[in-house]
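If you're wondering where the values come from, they're calculated on a predicted model, not measured in any experiment. When a ligand or atom number is given, it counts from 1 through the structure's own listing order. Counting from 1, the numbers follow the sequence of the chain as shown.
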Amino acid sequence: MGNINQDNSSVVVPLGHGDPSHFPSFRTTPAAEDAIVDALRSAKHNCYATTVGILPARRAIADYLNRDLSYKLTPGDVYLTIGCNQAIEVVTAVLSRPGANIFLPRPGYPHYEPWCAYNHLEMRHYDLLPKKGWEVDVDAVETLADENTAAMVIINPGNPCWNVCSYEHLNKAKHACFTFRI
Ligand SMILES: Cc1ncc(COP(=O)(O)O)c(C=O)c1O
């Protein structure tokens, strides 16, 4: 936004509408705000928590996700991070091994590239197709994949394009990426 030419009269649409501080129509529910205030004021949580997240939080997340899963998660399957950026840092480190490559969407969210570089993961970019509602270029993915492909990043809902992939499309993309494994 800082680079916008103020002399240009074009209408600018901010794409940060989900940011509650700048766009108060997306106010967080008071129930969540109160829970955080209560936890702070209780003075029961000013301690070193386990790195993977406290048990009641991991249990609540597992229970919530289990409502839509055909298999069952336990709290031990849940690893909590301080937001998505830390998750990207952890996951790229976990996936790193000599020769491994990872697929990243283009356009995509810029935090992936520095962490893949840091963890020596070879980055292979696949395009999102604007004329197809920013769907994955499945044919290109198929030609890029090989036995060293460790993961494919799909940002869904997309950032920065805000598209939402159908289950059918997600399955196609997964098969294109991991035909070597399936
Ligand atoms: C795809 C993606 N990854 C990571 C982040 C960063 O998330 P967080 O602020 O939770 O670290 C965002 C935030 O919008 C995002 O859209």
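- Considering backbone and side-chain N/O of Asn159, one or more are found under 3.5 Å from N/O of ligand 1.
- Qualifying side-chain hydrogen bond (donor to acceptor under 3.5 Å, both in side chains) partners for Arg41, counting only residues two or more places apart in sequence or in other chains: none.
- Remark: Trp134 engages no residue in a side-chain hydrogen bond (donor to acceptor under 3.5 Å, both in side chains) (not counting sequence neighbours).
- Any N or O atom pair closer than 3.5 Å counts here, and Gln86 shares no such pair with ligand 1.
- Looking from atom 7 (O) of ligand 1 to the surrounding protein, the closest heavy atom is Cys84 CB, 3.3 Å.
- Side chain of Asp68 to main chain of Leu65: no donor-acceptor pair is present (N/O by atom type, distance under 3.5 Å, no hydrogens or angles).
- The heavy-atom pair separating Asn119 from Ala93 by the smallest distance is ND2-N, 3.4 Å.
- Atom NE2 in His45 sits 11.5 Å away from atom CD1 in Ile36 (nearest 0.5 Å).
- Of the heavy atoms in Ile155, only side-chain atoms (C-beta onward) come closer than 4.0 Å to ligand 1.
- Under a 3.5 Å cut-off, the side chain of Asn156 and the backbone N or O of Cys165 do form a donor-acceptor pair.
- Of the protein's heavy atoms, Asn85 N, 2.9 Å lies nearest to atom 11 (O) of ligand 1.
- Across the listed options Tyr109, Trp162, Tyr112, Tyr109 owns the non-hydrogen atom lying nearest to atom 6 (C) of ligand 1.
- Judged by distance alone, with hydrogens and angles left aside, the side-chain atoms of Lys44 form no donor-acceptor pair with the main-chain N or O of Ala39 at under 3.5 Å.
- Residue contact check: Gly83 has heavy atoms under 4.0 Å from atoms 10 (O), 11 (O) of ligand 1.
- Ligand 1 has no nitrogen or oxygen under 3.5 angstrom from a nitrogen or oxygen of Ile88.
- Not a single protein heavy atom sits closer than 4.0 Å to atom 9 (O) of ligand 1.
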